[in-house]
Structure formats: structure tokens, C-alpha cells
Amino acid sequence: MNFKELAKTYKGKRVLVTGDTGFKGSWLCEWLLMMGADIVGIGLEPDTDPSLFVQLGLEKQMDHQTLDIRDAEKVSKLVREVQPDILLHLAAQPLVRLSYDIPVETYATNVMGTVHLLNALRQLEKPCAAVFVTTDKCYENKEWLHSYREEDPMGGHDPYSSSKGACEIAIQSFRKSFFHNPLDRGIAVASARAGNVIGGGDWAEDRIVPDCIRALSREEAIPVRNRHATRPWQHVLEPLGGYLLLGADLWRGLNKESFISARLEQSQLCSAFNFGPTLDSNRPVAELVEEILKHWPGSWDDRSDPNALHEASLLNLAIDKARHVLGWEPRWDFEQTIANTVDWYRQVHDNSSNTLEMTEKQITLYSKNNV
């Protein structure tokens, strides 16, 4: 995975990023800016305070527009005006527990918002590489030990997970119905599945790492509601690197660059990809908390509730396809991921003016690790 080559692809490209005000979207936009991309970002107003989008000053560095992807007419108009070379769709209602409170809004944002963007792409008369980000929770989770592969059935117990499974079905349908021959049509569409990303700048409610940081910064015990749940923890830069590589390869394929057989490669690329950590990074929540406390000393309380809303307790992704087709693989192990995450929060906690420096420093460190 060569990020020097990646930067050459994105430099000067018109990139449309949805969900730019979110945690992942903010990291992605900063990375794209460092590579010289011309970014148009859309999203709602930041819903956390503090917000990484605000902390990085992204609104002053790029063309940001407040737009709700549930508005089909505005989405269509924006795509026509922007004429993107590459689309990276991250906008979503991303929280499982919140989806129980607002199921209709969750489906409207996640499913119909995705459909609005897919339909808007049909109007483009220029090449565009599009990566639609869903989640590892899109699979019909059987709570089994082996890892889920891209061809496994979609499903979802809760409204959030099932909405993302529905997104994947819609993406596949549009790809087969309207974008089945990307080299002739000029639109290449792929989807990306990842989950449980952590890293500095996540300030969301009801997420374990932000909960840890808030408690530690107040010198309070960390409340842990599901200590036994096992998650595939990975740093936010890991899947973002995968999305960027996938988008770059789709773009190069459309322009018949660097492929022995562009048509064959596009048939492989215009599909779904898992971006998960190594199996060693699948750890219980309690172990995650203990690892955090090695870098920021404190304590935690078990707040397990036997009547809590259902959340998947075991979910692993098979990443063979991303490794073999894209040359992507995770580079930071569990310990490195936690160390870098806590270091970001501690540095920013001590001095908020360190936000941009720490973010760019970690992007540079991760990129160098992958040359």
C-alpha cells in the first residue's frame, strides 16, 4: 500500500465527501487536504461539542455546504453542480442504540439518502468513481466465530444494522441496473464495510472510547455497560486508507491507467469490500478499557444491564479480498491503535491548539508506515 502514489491520484481531483462534519468524515477531509484534493463536503451541523470538524477548522479549508441527504432534489442539484471526479459517501445516522429511538429517521437517512446519491450519479456525463461506506453490521449476524465474507447474506437485528444491510442491497441493485458497464458508462460504484473505528476526535455520546476519555478527564470512574462484548477494534485511519485506495483504483480503472485489463479489474473493483483489523484486535470491551488505562491511569465500573437493548456481541470481518485486490491490510495492531488514540486525546486535553498538529502528525505517521 503506497500512499505516495495515492497522493498523486488525489492531487487536484474534485472530491465530494458526504458526512464531512462527522468523526470519520473530518479525518478523511484532513487527509484529502494533505494530499492536495479539491474537496466539496456536505453534512449536517456538527452534533457534538467539541467537534473534530470545528477543532480542525475544516470549514475554512474546504468548500463545506450544510445539506441533508434526505432531500433528493438538493442532492441531485449539488452533484450536478460539483461534477465530482470521486465521491466518498460517509453520511449516516451511525449509532445502534439511537436507532431504537429514531428508527424512521435512521432508515430515511441511511437507505434513502444513499439511494438519492446513487440516483444523482445517473445524471453525470463524466467519469466518477464512487465509494459508498456502510458498516460491518450490515451482515446477518449469527454470532459465530468465523469471519464474514463479502458474499455472506445481509441482515441486521436493530434498525441501524438492518438499514445498512438495505443500503448494500440498494447499491448492488443500482450497480447492476444502471452502472453494470463502468468503462462505457463512466460511473464506477463500490461499497466499503468497516466498523468500531476509534481514534482521537470522536466525541459522540454512547461510545466506549469517548466515554472513557470524558470520565478520565474528569477523574471519574469509566462507566462500562457491556464488558464482555467483543469488537474488532481498529484505528480510524485504517478503513479510511482502504476507502481512499478503493476510490483511487476505481478512478484509475475508469481512465484505463495502470491496469493490464481494465475491464477485468473494474469487474473486481465494482463490488463490496471489508476493511477490518486482524483477528488479534478482536477484544472484549473490558480489555479495551484496561489498555486505555495503561496510557491514562484511572478506574472503571461495571454498569452491565441485563435488560439493555440488543447489540451484537461478536462480529469479525474477513479481509482477504481487500488484501489481494487492493493491496490493503491493517498496519497498526491493537496496542498501537490504543496508544495513538489516547496520545491524541491527552495532547489535545493538555492544549486544544494541538488538534491540527496531532491529527496531521498521525496521518503522516500512518502513511509512512505503509510506504
Side-chain angles (χ1 to χ4, degrees), residues 6-22 24-46 53 56-92 108-134 167 170-171 174-175 178-179 182-192 240 243-255 257 269-270:
L6 189 70
K8 291 179 183 178
T9 299
Y10 280 94
K11 185 176 182 179
K13 294 294 186 301
R14 186 82 157 161
V15 182
L16 175 59
V17 177
T18 75
D20 64 335
T21 57
K24 289 173 70 176
S26 296
W27 273 95
L28 180 61
C29 288
E30 188 58 46
W31 196 342
L32 285 165
L33 285 168
M34 291 173 67
M35 293 190 292
D38 176 16
I39 311 172
V40 176
I42 63 171
L44 301 178
E45 292 297 322
F53 182 81
L56 293 173
L58 287 171
E59 190 168 9
K60 299 176 182 178
Q61 300 185 65
M62 53 183 271
D63 180 2
H64 164 72
Q65 300 183 33
T66 300
L67 189 150
D68 191 329
I69 59 172
R70 291 174 295 177
D71 190 323
E73 184 176 343
K74 288 184 178 180
V75 167
S76 179
K77 182 174 182 289
L78 179 87
V79 171
R80 288 197 307 270
E81 291 176 349
V82 173
Q83 294 286 302
D85 298 312
I86 299 172
L87 164 66
L88 300 169
H89 173 48
L90 280 71
T109 300
N110 294 351
V111 183
M112 291 311 299
T114 296
V115 169
H116 294 158
L117 281 160
L118 285 163
N119 198 49
L121 288 177
R122 297 175 59 200
Q123 305 166 26
L124 282 180
E125 297 180 357
K126 64 176 295 296
C128 180
V131 177
F132 285 76
V133 176
T134 61
C167 284
I171 293 163
F174 267 76
R175 188 164 51 226
F178 307 111
F179 311 127
L183 289 175
D184 295 336
R185 179 65 178 81
I187 306 295
V189 174
S191 63
L240 292 185
Y243 308 160
L244 290 169
L245 284 168
L246 180 54
D249 279 356
L250 288 169
W251 173 260
R252 287 196 291 263
L254 285 174
N255 291 275
E257 301 173 9
L269 291 169
C270 294

**Prompt:** Among I86, L88, L78, whose side chain to side chain contact (heavy atoms under 4.5 Å, CB included) with L16 holds?
**Reply:**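 Testing L16 for a side chain to side chain contact (heavy atoms under 4.5 Å, CB included) against I86, L88, L78 leaves exactly one candidate, L78.
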
**Message:** Please identify which of these residues, L250, L121, V131, meets the side chain to side chain contact (heavy atoms under 4.5 Å, CB included) condition with V189.
**Reply:** L121

**Prompt:** At what distance, to the nearest 0.5 angstrom, does CG of L87 lie from CG of L90?
**Reply:** 9.5 Å

**Message:** Return the SG to CG distance between C270 and L254, rounded to the nearest 0.5 Å.
**Reply:** 7.0 Å

Nearest heavy-atom pair of [X] and [Y]: which atoms, and what distance?
X    : Y    : answer
A37  : V15  : CB-CG2, 4.1 Å
T66  : L44  : CG2-CA, 4.5 Å
Y10  : Y243 : OH-O, 4.2 Å
L269 : D249 : CD1-O, 3.7 Å
R175 : A190 : NH1-CA, 3.8 Å

**Request:** Consider only side-chain N and O atoms of H116 and S76, and report whether a donor and an acceptor are under 3.5 Å apart.
**Result:**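 The answer is no; no qualifying pair exists.
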
**Prompt:** Are R122 and N119 linked by a side-chain donor-acceptor pair shorter than 3.5 Å?
**Reply:** yes

**Asked** Taking atom CD of E125 as the centre, does the number of heavy atoms from other residues, nucleotides or ligands within less than 6.0 Å exceed 12?
**Response** no

**Request:** Check whether more than 12 heavy atoms from other residues, nucleotides or ligands sit under 6.0 Å from atom NZ of K126, and answer yes or no.
**Result:**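 Yes, because the 6.0 Å sphere around NZ of K126 holds more than 12 heavy atoms from other groups.
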
**Message:** So, using salt bridge (charged side-chain N to carboxylate O under 4.0 Å, His left out) as the criterion, who are the partners of R70 when residues are at least two apart?
**Reply:** D68

**Message:** Is it the case that the side chain of T18 and the backbone of A91 share a donor-acceptor pair, with hydrogens and angles ignored and the cut-off at 3.5 Å?
**Reply:** yes

**Message:** Under the criterion salt bridge (Lys or Arg N to Asp or Glu O under 4.0 Å), I'd like the reasoning laid out for D38 against R14: C-alpha separation, chi angles, the key distance, then a yes or no.
**Reply:** CA-CA 5 Å; D38 176 16; R14 186 82 157 161; 2.9 Å; yes

**Request:** For E81 and K77, run salt bridge (Lys or Arg N to Asp or Glu O under 4.0 Å): C-alpha distance rounded to whole Å, both residues' side-chain angles, the deciding distance at 0.1 Å, then the answer.
**Result:** CA-CA 6 Å; E81 291 176 349; K77 182 174 182 289; 2.5 Å; yes

**Prompt:** Who passes side chain to side chain donor-acceptor pair (under 3.5 Å) against T21, sequence neighbours left out?
**Reply:**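 Counting only residues at least two positions away or on another chain, T21 forms no side chain to side chain donor-acceptor pair (under 3.5 Å).
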
